[in-house]
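Here the structure comes first, spelled out in structure tokens, and everything after it is commentary.
Read the numbers this way: they start at 1 and go in the same order the structure lists the ligands and their atoms. No hydrogens, no waters, no symmetry mates; every other heavy atom, side chains included, goes into these values.
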Amino acid sequence: MASNRLAQFREFGKKIVAVGRNYKAHAEELGNKVPEKPIIFTKPTTSYLSQGHPIKFPPGCTDLHHEVELGIVVGKKGYQIPEEKAKEYIGGYFVALDMTARDLQLEAKKNGHPWTLSKGWDTSTPAGEFIEKDKITNPQNLQIWLKVNGEMRQNGNTADMIFSISYLISFISKYMTLEEGDVILTGTPSGVGGLKGGDVIEAGIGDVSKIKFSVDSS
Ligand SMILES: O=C(O)/C=C/C(=O)CC(=O)C(=O)O
Ligand SMILES: [Mg+2]
């Protein structure tokens, strides 16, 4: 993948594949069991948000949560990719927020319904700039952090993922073709929590890339 910016992978608009409960401490903080195989869901590309625009509460939500995640941008098309070849399919990275309407998600969970609306409304995937693949030597050893109004809320390391990036690429592509421009959100570390209108979120991957978003207060 050449030197693509966020606008380009949004333009490809293929798909956003997200992983849930991929850090033990996060699974446990929400009272969930540690998964035995990856939990996969998708988000629409209309949920992307670039910096300079506010994150909105979706209708009916009063418990909006932040989740910082390492985003993988797929660099080339692949189906049933062997784990040992998975790294070849990484085109780059970005810092992402998998914003979650936790109250809507809880209601969906209770009823056995999908998480789509609680994860997929417009503005629910704030995203940073594209990071070239070669800027990150080991994606499985990155500090991943998030502050709200200057206070550290999430501070994890991608070394603590339950399922590695290579495993996830191989697992997802057993079921669906991954295409250039698709992204994988690799799950959030612990420390997720509620937000209010006017809050300012800063998040990043070590000192490689940083994002800043505010929550709409209107
Ligand atoms: O099961 C729950 O209560 C919540 C799970 C998530 O929101 C999963 C994620 O999106 C994640 O772990 O990043
Ligand atoms: Mg998430």
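- In this structure, the side chain of K24 does not engage the main chain of V34 through any donor-acceptor pair within 3.5 Å.
- For the Mg ion (ligand 2), protein N/O/S neighbours under 2.8 Å (waters excluded) are E67 OE1, E69 OE2, D98 OD2.
- Put simply, the side chain of Q154 never gets that close to the backbone of I144: no donor and acceptor are under 3.5 Å apart.
- In this structure, M152 belongs to a hydrophobic cluster whose other members, linked by side-chain heavy atoms under 4.5 Å apart, are W145.
- Other residues, nucleotides and ligands contribute at most 12 non-hydrogen atoms within 6.0 Å of the CD atom of E107.
- Heavy atoms of other residues, nucleotides or ligands lying less than 6.0 angstrom from NZ of K133 number more than 12.
- A salt bridge between K119 and E67 is present, with a side-chain N of the basic residue lying under 4.0 Å from a carboxylate O of the acidic one.
- Residues satisfying the ring pair (Phe, Tyr, Trp, His ring centres under 6.0 Å) test with F171, not counting sequence neighbours, are Y175.
- Between Y93 and L70 the shortest side-chain heavy-atom distance falls below 4.5 Å.
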What are the polar N/O contacts of ligand 1 with the protein below 3.5 Å, with distances?
{"residue": "ligand 1", "atom": "1 (O)", "partner": "R21", "partner atom": "NE", "Å": "2.8"}
{"residue": "ligand 1", "atom": "1 (O)", "partner": "R21", "partner atom": "NH2", "Å": "2.5"}
{"residue": "ligand 1", "atom": "1 (O)", "partner": "N32", "partner atom": "ND2", "Å": "3.0"}
{"residue": "ligand 1", "atom": "1 (O)", "partner": "K109", "partner atom": "NZ", "Å": "3.3"}
{"residue": "ligand 1", "atom": "3 (O)", "partner": "N32", "partner atom": "ND2", "Å": "3.2"}
{"residue": "ligand 1", "atom": "3 (O)", "partner": "K109", "partner atom": "NZ", "Å": "2.4"}
{"residue": "ligand 1", "atom": "7 (O)", "partner": "E67", "partner atom": "OE2", "Å": "3.1"}
{"residue": "ligand 1", "atom": "7 (O)", "partner": "R102", "partner atom": "NH1", "Å": "3.0"}
{"residue": "ligand 1", "atom": "7 (O)", "partner": "Q105", "partner atom": "NE2", "Å": "3.1"}
{"residue": "ligand 1", "atom": "7 (O)", "partner": "K119", "partner atom": "NZ", "Å": "2.8"}
{"residue": "ligand 1", "atom": "10 (O)", "partner": "E67", "partner atom": "OE1", "Å": "2.9"}
{"residue": "ligand 1", "atom": "10 (O)", "partner": "D98", "partner atom": "OD2", "Å": "2.9"}
{"residue": "ligand 1", "atom": "10 (O)", "partner": "K119", "partner atom": "NZ", "Å": "2.6"}
{"residue": "ligand 1", "atom": "12 (O)", "partner": "R21", "partner atom": "N", "Å": "2.7"}
{"residue": "ligand 1", "atom": "12 (O)", "partner": "H26", "partner atom": "NE2", "Å": "3.2"}
{"residue": "ligand 1", "atom": "13 (O)", "partner": "E67", "partner atom": "OE1", "Å": "3.0"}
{"residue": "ligand 1", "atom": "13 (O)", "partner": "E69", "partner atom": "OE2", "Å": "2.9"}
{"residue": "ligand 1", "atom": "13 (O)", "partner": "T188", "partner atom": "N", "Å": "3.0"}

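- Using modelled atom types, no side-chain atom of D182 and backbone atom of I16 make a donor-acceptor pair closer than 3.5 Å.
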